[in-house]
Number of protein chains: 2
Amino acid sequence: MKSRIETDGYGRKKVIDACMEPCAIERGMRIIGGKWTGSLIYHLKDGPVRFNDLNRLLGGATKKMIDQRLKELEARGMVLRTVINDRPIAVTYELTELGRSALDILEDLRLWSEKYDIR
Amino acid sequence: MKSRIETDGYGRKKVIDACMEPCAIERGMRIIGGKWTGSLIYHLKDGPVRFNDLNRLLGGATKKMIDQRLKELEARGMVLRTVINDRPIAVTYELTELGRSALDILEDLRLWSEKYDIR
DNA sequence: CCAACAGGTATAAATAGTATACCTGAAATA
DNA sequence: TATTTCAGGTATACTATTTATACCTGTTGG
């Protein structure tokens, strides 16, 4: 059942079958469109990064936000968390294949933002 | 001044020049990544749509949200609002060129969501 | 007349994000 | 030795955004 629109003689359009649950765009946005999520993924593109480094790279997001987003992404299998050292504790985060699969979209978004000088 | 990361002998990475303001990804996300914004733009891809039809197409977003998002997009020059009739009032919203320029990203996002079955 | 639709607005409640401070343990600095 | 700094977070309180619900003015259809 696809939602569609019909047009009357006045150029007015009417919906025929509205999608009653979030469509693919909305579902996708809720993953990579959360505040700071896209940036987070993008900053992991070149390999593992440590927690506090992500915090600095995103300058503006709080640790709590970084932490929360990383946990969400980990739970979705987009990011892998690895403890590389106890004493002193050291943790890295890196993209999984699924995480990498979102990079093209983010790269296009970056180019779009720059091209149209989005502020 | 580009932010970059240096690696030490343990595979740990350190940030060299953190970007202190939202980077392009983040700026872009704040436009098309707002809740319902992407869907809204996407549903305008085939031409003008009326307010209440958008409301139905997005089933789940409230009129207030639709209204607010449309005003944001209008203010950014991504959407054009046209009163096509007084008595009875009729209004349509359509994408401007700038609005259209975001469609490719949204289409890729839709394909990504579907391919990886994002819920 | 009455209900339904158009395009919204008002109010309150729930959810999301921010600012700030703090914790444990190790190591570098004074 | 004492203090500060860093690691990787957590706790608390506050602000902003989003949601749910109801309502408004005016027009049309039954």
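Heavy-atom basis, side chains included; hydrogens, waters and symmetry copies ignored. Nothing here was measured: the structure is a model prediction, and the numbers come from that model. Each chain gets a letter, A, B and so on, in the order the sequences are listed, and its residues count up from 1.
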Footprint string (nucleotides 22-30 of chain C, 5' to 3'): B base within contact, S backbone only, - free, heavy atoms under 4.0 Å = ----S----

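- As rounded to whole Å, 14 Å separates atom C1' of D:dT18 from atom CG of B:L58.
- For A:K71, the side chain to side chain contact (heavy atoms under 4.5 Å, CB included) criterion is met by A:D67, not counting sequence neighbours.
- If you take CG of A:N85 and C1' of D:dC6, they are 14 Å apart, rounded to a whole angstrom.
- Residue B:N52 places its side chain closer to C:dA6 than to any other of C:dA6, C:dG8, D:dA7.
- By the side chain to side chain contact (heavy atoms under 4.5 Å, CB included) test, A:L80 pairs with A:T82, A:E94, A:T96, sequence neighbours left out.
- Listed by chain and number, the residues in a side chain to side chain donor-acceptor pair (under 3.5 Å) with B:S39 are A:E26 (sequence neighbours excluded).
- If you chain together hydrophobic residues whose side chains sit under 4.5 Å apart, A:L109 and A:L98 fall into the same group.
- Look at CG on A:N55: it is 14 Å from P on C:dT20, rounded to the nearest Å.
- One finds a side-chain N or O of B:R81 lying less than 4.0 angstrom from the OP1 or OP2 phosphate oxygen of C:dG8.
- As rounded to whole Å, 10 Å separates atom C1' of D:dT25 from atom CD1 of B:I89.
- Among residues two or more places apart in sequence or in another chain, the side chain to side chain contact (heavy atoms under 4.5 Å, CB included) test is passed with A:R100 by A:L95, A:E97, A:L103.
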Assign a letter to each nucleotide of nucleotides 12-17 of chain C from its 5' end: B, base within under 4.0 Å of a protein heavy atom; S, sugar-phosphate only; -, no contact.
-> B----S

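- At whole-Å resolution of the value, OH in B:Y93 and C1' in C:dG7 are 8 Å apart.
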Show your working on side chain to side chain contact (heavy atoms under 4.5 Å, CB included) between B:V91 and B:R50 and close with a plain yes or no.
-> CA-CA 6 Å; B:V91 178; B:R50 297 174 64 164; over 6 Å; no

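- In this structure, CG of A:D53 is placed 7 Å from P of D:dA7, rounded to the nearest angstrom.
- Between the CG atom of B:L70 and the P atom of C:dG7 there is a distance of 11 Å, rounded to whole Å.
- Atom-to-atom, CG of B:D67 to P of D:dT18 comes out at 14 Å; the value is rounded to the nearest Å.
- Contact annotation: A:R50 side-chain N/O to D:dA7 OP1/OP2 distance is not under 4.0 Å.
- Residues satisfying the side chain to side chain donor-acceptor pair (under 3.5 Å) criterion with A:E107, sequence neighbours excluded, are A:Y42, A:R110.
- Under the side chain to side chain donor-acceptor pair (under 3.5 Å) criterion, A:S101 pairs with B:W112, sequence neighbours left out.
- Distances were taken from every side-chain heavy atom of A:T62 (C-beta onward) to each of C:dA19, D:dT10, C:dG8; the shortest belongs to C:dA19.
- Evaluation of the side chain to side chain donor-acceptor pair (under 3.5 Å) rule for A:D117 yields A:R119 as partners, not counting sequence neighbours.
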